[in-house]
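Heads up, the thing below is written out as structure tokens.
For the numbers below, each heavy atom of this structure counts, side chains included, while hydrogens, waters and symmetry mates do not.
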Amino acid sequence: MKDVTLVLQDGTTFQGRSFGYEGNVAGEVVFNTAMMGYPEALTDPSYAGQMMVLTYPLVGNYGVPPFTFEKDGLPTFMESDRIYATALLVADYSEQYCHWNAHESLADWLKREKVPGVTGIDTRALTKVLRERGVMMGRLVFSEDSEISEEVELSEKYSSVNWVARVSCKEIVRYNEGVGKKVVLVDCGVKANIIRCLIDRGVEVIRVPWNYDYTAMDFDGLFLANGPGDPDMCVEAVEVLRKQMSQSRKPICGICMGNQLLAKAGGATIYKLKYGHRSHNQPVREVGTNRCYITSQNHGYAVDASTLGKDWRELFVNMNDGSNEGIVHFSNPWFSSQFHPEACAGPVDTEFMFDRFVKTL
């Protein structure tokens, strides 16, 4: 294991040892407090451009499942076709793993996909820095005299990159073709389990690129997926969505980035959270009720609910910081959640959001 240094934007450094691919990289350093689910998190496109810090101390003890694909092209156990996180930082990597579905070690997987992994980092201290000062850029340096490539320099400008455009599909993909109602899914970096949840409810899914003009297509409902980065970079997606909303009352549902895009189309503004919500235990309350749900989340931006138009209201709020967790239109079947109802990995308390959407088709 080679020594490696994490250098934060403010000059703070942390020392660790490499257990993954050895290469200098840079990205926005964020922390995730989930106790499990690293295969799903690493393959979540919403982590594109980010270095993932896991606060749970022991990582790798259950290995990695096989990277197999189903007949419809969806991965069996992962959330996309590859690892999207820039790097993985943990306190204690377990070289020995044991699980009925384990196919390889986490280290072998990271090396194969050329993603750095660092162990021995004081993740408690690092998380405290990020909570107090906010998420910031960082870079991994494997030796003092190593040069940072142009690609890494580009990734250091996280907020100026349209990450959605990088991770979205480039052409239309259909699932469950000819079966049930037709749902257009706007791919901003969609997790595979969102598609699985729609397929399981007997609808045809038409997956389109993030900026595709779907307004003239034949479909029964619109689904806005999750994705990485700043939603303010997705101007084209919002313009198409506004066009759709102006000419049709067809049902619309959004998740994570989809919540923010729907809110922007409705006139609201977005702001960046100090350190985001990345965990499996975020409590949210459904507005107007006493029902509280434990949710899985992964986002660094939030909707400013005070800027919602008069035709909209909050659907869910976060019980920790009061931030917006979903919106709903007063008269049209348009609603969304900031959290992940499909929660892969994580709690499945809110999967009913898919049922609500399908019932409106």
Side-chain angles (χ1 to χ4, degrees), residues 28 30 44-47 50 134-135 158-159 162-164 186 188-191 194 210 222-246 251-279 282-289 291-343 350 353 356-357:
E28 185 179 54
V30 301
D44 181 351
S46 290
Y47 276 110
Q50 295 178 324
V135 296
Y158 180 83
S159 61
N162 186 341
W163 293 103
V164 167
V186 181
C188 297
V190 65
K191 290 176 62 182
I194 290 178
W210 70 281
L222 178 66
F223 206 98
L224 310 172
N226 63 292
D230 186 350
D232 285 338
M233 299 291 289
C234 301
V235 177
E236 296 170 69
V238 174
E239 289 177 348
V240 176
L241 180 54
R242 282 179 178 156
K243 179 181 177 182
Q244 172 64 25
M245 293 163 65
S246 69
I252 302 174
C253 183
I255 289 178
C256 201
M257 172 74 79
N259 176 60
Q260 297 159 8
L261 297 181
L262 185 62
K264 283 178 63 65
T269 58
I270 310 297
Y271 66 97
K272 186 166 187 175
L273 295 165
K274 186 176 181 180
Y275 46 81
H277 298 156
R278 298 175 182 88
S279 66
Q282 288 286 330
V284 303
R285 180 176 61 85
E286 188 169 3
V287 175
T289 76
R291 291 189 292 271
C292 191
Y293 305 97
I294 302 302
T295 67
S296 175
Q297 302 195 15
N298 175 19
H299 61 100
Y301 294 82
V303 174
D304 183 350
S306 66
T307 63
L308 284 171
K310 60 181 179 60
D311 295 328
W312 298 84
R313 68 171 178 85
E314 287 191 282
L315 182 55
F316 299 97
V317 294
N318 189 290
M319 298 298 286
N320 285 334
D321 60 12
S323 62
N324 175 260
E325 291 286 353
I327 63 173
V328 61
H329 195 274
F330 277 115
S331 58
N332 295 329
W334 304 337
F335 60 96
S336 57
S337 66
Q338 187 60 58
F339 52 86
H340 281 269
E342 85 288 351
T350 55
M353 291 291 286
R356 288 186 182 181
F357 172 65

Decide yes or no for [X] and [Y]: does some side-chain heavy atom of the first lie under 4.5 Å from some side-chain heavy atom of the second?
X      : Y      : result
Lys310 : Phe330 : no
Tyr301 : Asp232 : no
Asn259 : Glu325 : no
Val186 : Val240 : no
Leu241 : Leu222 : yes
His340 : Thr295 : no

Heavy-atom pair of closest approach, residues [X] and [Y]:
X      : Y      : value
Gly326 : Asn324 : O-ND2, 2.9 Å
Met257 : Ala225 : CB-O, 3.7 Å
Pro283 : Cys292 : CB-SG, 4.0 Å
Phe339 : Ile255 : O-CG2, 3.5 Å
Met353 : Ser337 : CE-CB, 4.0 Å
Asp321 : Ser323 : OD1-OG, 2.7 Å

If you round to the nearest 0.5 Å, how far is [atom2] of [Y] from [atom1] of [X]?
X      : Y      : atom1 : atom2 : answer
Ser336 : Phe316 : OG    : CZ    : 9.0 Å
Tyr293 : Thr350 : OH    : OG1   : 8.5 Å
Cys256 : Ile194 : SG    : CD1   : 8.0 Å
Cys253 : Arg356 : SG    : CZ    : 10.0 Å
Met233 : Ser159 : CE    : OG    : 8.0 Å
Met319 : Arg285 : CE    : CZ    : 5.5 Å

Arg278/Tyr47 under side chain to side chain contact (heavy atoms under 4.5 Å, CB included): CA gap, chis, key distance, verdict: CA-CA 10 Å; Arg278 298 175 182 88; Tyr47 276 110; 3.8 Å; yes
Qualifying residue for side chain to side chain contact (heavy atoms under 4.5 Å, CB included) with Trp210, from Val164, Leu261, Val190: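 That would be Val164.
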Asn226-Asn298 side chain donor-acceptor pair, cut-off 3.5 Å: no
Asn318-Gln282 side chain donor-acceptor pair, cut-off 3.5 Å: yes
Tyr158 backbone acceptor or donor facing Trp163 side chain under 3.5 Å: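 Yes, Trp163 side chain to Tyr158 backbone: donor-acceptor pair under 3.5 Å.
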Pair Val284-Gln297, side chain to side chain contact (heavy atoms under 4.5 Å, CB included): steps then yes or no: CA-CA 11 Å; Val284 303; Gln297 302 195 15; 3.6 Å; yes
Could you list the donor-acceptor pairs under 3.5 angstrom formed between side-chain atoms of residues 265-276 and any protein atom two or more places apart in sequence or on another chain?
unit_1 : atom_1 : unit_2 : atom_2 : d
Thr269 : OG1    : Thr307 : OG1    : 3.4
Lys272 : NZ     : Glu28  : OE2    : 2.5
Lys274 : NZ     : Arg131 : O      : 3.3
Lys274 : NZ     : Glu132 : O      : 2.8
Tyr275 : OH     : Arg131 : NH2    : 3.4

Pair His329-Leu262, side chain to side chain contact (heavy atoms under 4.5 Å, CB included): steps then yes or no: CA-CA 10 Å; His329 195 274; Leu262 185 62; over 6 Å; no
